[in-house]
Amino acid sequence: MIITSISDPFSDEHSGPPSPTDTLLPDYASQADIPPPSLPPSYALTARPSRPQIYTFSSRSNTSMVLLPSSDVDSTLTPVYNISVSLNLNPFAPLSYVTAVRRGLDEESMELVGEFELGVMHSRATLTMNGRSTRMSSVLKQEGYSPRKWKWEYGGVTLRWDCRATLDDGSPMCICSDSSSHQIASFVPPPPDPPQPPPAATLTVFPDGHEAFDHILLSALVIERKITMSF
């Protein structure tokens, strides 16, 4: 079933005058006289495989989860990424959530891959990778007229996400392609009205996609949050 175009009240595209808050956070990546950040140097845990790999999101608490490889790849089910969410209760800013993605096996050795802050006011949404922050609206843009198609451009990586299709249980089926329109990943989050217990979200990454695993995961999490907030 194909989802028809609907109005997205949380779109980054605005037809009216800019918000007074738009000037609070400059787009550091575009204003500084430096090139965009390159891909992180360490991909030890996400080396290029010979075939597509299916990863499963597994909750560890109400505010954290891990991304696990399939048991046929790693019988120990060692987490590839750790994901945590915190609430920003700044009294001078609208309510928002900060999602952080880390790579590593334990708290002491974890490496921060990136984080994003997203709330009701999408004009304030930000992305931080490699220690640099920028507006989400300059990284993730809606493509065409569908509110379920996006283009992610950051740090020399270009991804296109198409989430117009749904599975029989209502779960969005999101297809990720590279700049050459080759599929490199797919993402299936839980349906908007899931049964209990809800099905686990899965991320399938093709061999070529592992070079941009950090970007694929971060963009998938941002898109899932946007889809959830649009209902």
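Position 1 is the first residue of the sequence; numbering continues from there.
Every residue meeting the side-chain hydrogen bond (donor to acceptor under 3.5 Å, both in side chains) condition with Glu117, not counting sequence neighbours, appears here in chain and number order: Asn88, Ser96. Remark: Arg160 engages Glu143 in a salt bridge (Lys or Arg N to Asp or Glu O under 4.0 Å) (not counting sequence neighbours). Under the salt bridge (Lys or Arg N to Asp or Glu O under 4.0 Å) criterion, Asp162 pairs with Arg164, sequence neighbours left out. For Ser171, the side chain to side chain contact (heavy atoms under 4.5 Å, CB included) partners are Leu167, Asp169, Val188, Pro191, not counting sequence neighbours.
Residue pairs meeting the disulfide (SG to SG under 2.5 Å) criterion with at least one member in residues 173-218, sequence neighbours excluded: Cys163-Cys174. Sorted by first and then second residue, the side chain to side chain donor-acceptor pair (under 3.5 Å) pairs involving residues 188-208 (not counting sequence neighbours) are Arg48-Asp208. Within the structure, disulfide (SG to SG under 2.5 Å) pairs that include any residue of residues 54-103 do not occur (at least two apart or interchain). Residue pairs meeting the ring-ring contact (aromatic ring centres under 6.0 Å, His included) criterion with at least one member in residues 171-192, sequence neighbours excluded: Phe57-Phe187.
Transitive grouping of hydrophobic side chains (ILVMFWY, heavy atoms separated by less than 4.5 Å) keeps Val98 and Val222 in distinct clusters. Both Val85 and Leu87 are members of a single hydrophobic cluster when ILVMFWY side chains are connected at heavy-atom separations under 4.5 Å. The hydrophobic clustering, which links ILVMFWY residues whose side-chain heavy atoms are closer than 4.5 Å, places Ile175 and Ile54 apart.
Side chains of Asp214 and Val101 form no contact here, defined as non-hydrogen atoms less than 4.5 Å apart. A 4.5 Å side-chain heavy-atom check between Thr99 and Leu118 finds every atom pair outside the cut-off. Side chains of Phe213 and Leu203 form a contact here, defined as non-hydrogen atoms less than 4.5 Å apart. Under the 4.5 Å side-chain criterion, counting only non-hydrogen atoms from C-beta, Ser84 is in contact with Arg102. A 4.5 Å side-chain heavy-atom check between Ile184 and Val205 finds every atom pair outside the cut-off. At least one side-chain heavy atom of Met129 sits less than 4.5 Å from a side-chain heavy atom of His215.
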What side-chain donor-acceptor pairs closer than 3.5 Å can you find for residues 59-70, not counting sequence neighbours?
unit_1, atom_1, unit_2, atom_2, d
Ser61, OG, Thr63, N, 3.3
Ser61, OG, Ser64, N, 3.2
Ser61, OG, Ser64, OG, 2.8
Ser70, OG, Asp72, OD1, 2.4

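Shortest non-hydrogen contact noted between Glu115 and Ala100 is CB-CA, 3.8 Å. Summarising the geometry of Arg103 relative to Val80, their closest heavy-atom pair is CG-O, 3.8 Å, with the distance given to 0.1 Å. Here the closest non-hydrogen pair linking Met136 and Leu127 is CE-CB, 4.0 Å.
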Dump the intermediate steps for side-chain contact (heavy atoms from CB on, under 4.5 Å) on Val157 and Glu211, then the final yes or no. CA-CA 10 Å; Val157 175; Glu211 296 180 358; over 6 Å; no
